[in-house]
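Bear in mind the structure is a predicted one, so any value in this text is a computation, not a measurement. A, B, ... follow the sequence lines: proteins, then strands. Residue 1 opens every chain.
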Amino acid sequence: MFPNSPPSSIDELLQRAEQLAGLTLGELAHSANIRVPKDFKREKGWSGQLLELALGAQAGSKAQQDFANIGVELKTIPIDANGNPLETTYVCYAHLTNVAGSQWQTSSVRNKLGKVLWVPIDGRRDIPPSERCIATPFLWSLHGQQEQYLRQDWEEIMDMIAMGEIESITARHGEYLQLRPKAANGSALTDAIGQNGQIVQTRPRGFYLRKEFTGKILADYFA
DNA sequence: GGGTGATCATTG
DNA sequence: CAATGATCACCC
């Protein structure tokens with residue numbers, strides 16, 4: 001059965017996570033009487049929510065780490081047969097106003113990625129979700145050159161947001177961290193800084209890690 | 001609407 | 001055919 005309380009230490013979290021390696025999503029879901037969708041067309045976050053339950057993360061939405069008591073964020077990541085990421089990784093919502101004076105050290109990107117429990121899961125679309133296998137979860141921390149790469153991209157993007165250039169930022173900006181739409185649909189609007197410093201309406205955005213970045217994390221671990 | 005969990009699907 | 005831009009479900 002799934003734990004009903006969060007892990008009280010990183011060791012406990014890792015112990016829980018290691019128990020999941022090798023299981024299929026179907027086996028894990030079945031153990032808790034959870035039904036598995038045929039595909040993820042209408043339940044895109046299903047894998048992540050299943051893993052939250054299986055590891056005892058607090059359900060629901062909160063703007064901080066999944067395991068705030070031990071400072072760890074949980075990220076599932078879909079991989080192909082070679083262990084390479086199949087999708088970019090969502091990090092957090094991007095605030096588009098009141099960004100003057102934002103510092104990397106206190107940014108939500110850095111806070112979210114400080115410590116991450118990565119759970120690679122077979123994401124091949126030609127395999128039904130129920131048969132997709134959970135690989136070996138591992139703990140990773142953001143530091144050194146990887147942090148500098150993200151910081152550089154983040155500062156470039158935040159500068160553009162602060163300068164009122166939100167509409168000229170595309171997903172092509174940023175070597176490893178990119179800004180993309182993040183909303184329920186195309187009609188969602190939020191405040192942003194306009195070209196003359198005024199408030200304008202734009203599509204909500206989120207920060208995402210490019211596959212090259214997460215691919216390196218996976219390669220470093222499994223090398 | 002803002003935020004969590006992400007993958008989908010159109011297109012360059 | 002990978003990547004960008006769009007979208008799905010749920011919570012508050």
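The phosphate of B:dG5 (OP1 or OP2) has a side-chain N or O of A:K75 nearer than 4.0 angstrom. The phosphate of B:dT7 (OP1 or OP2) has no side-chain N or O of A:R42 nearer than 4.0 angstrom. Between A:R205 and C:dG5 there is no side-chain polar atom (N or O) within less than 4.0 angstrom of OP1 or OP2. Regarding contacts with the backbone of C:dG5, every side-chain N or O of A:R203 stays at 4.0 angstrom or more from both OP1 and OP2. Distances shown here put every side-chain N or O of A:T88 at or beyond 4.0 Å from the OP1 or OP2 atom of B:dA6.
Judged by atom type and distance alone, A:E87 reaches the base of B:dC8 through a side-chain donor-acceptor pair under 3.5 Å. Scanning atom types as modelled, no donor and acceptor separated by under 3.5 angstrom connect the side chain of A:K41 and the base of B:dT7. In the interface, the side chain of A:Y208 is not paired with the base of C:dA3 through any donor and acceptor atom under 3.5 Å apart.
Residues from residues 163-187 of chain A placing a heavy atom under 4.0 Å of any atom in DNA chain B, listed by number, are A:R180, A:K182.
Among the heavy atoms of the strands lying under 4.0 Å from A:E73 are primed sugar atoms or P, OP1, OP2 only; no base atom is included.
Side-chain N or O atoms of A:H30 include none that pairs as donor or acceptor with a backbone N or O of A:L28 at under 3.5 Å.
What separates CD of A:Q58 from P of C:dC11 is a distance of 16 Å, to the nearest Å.
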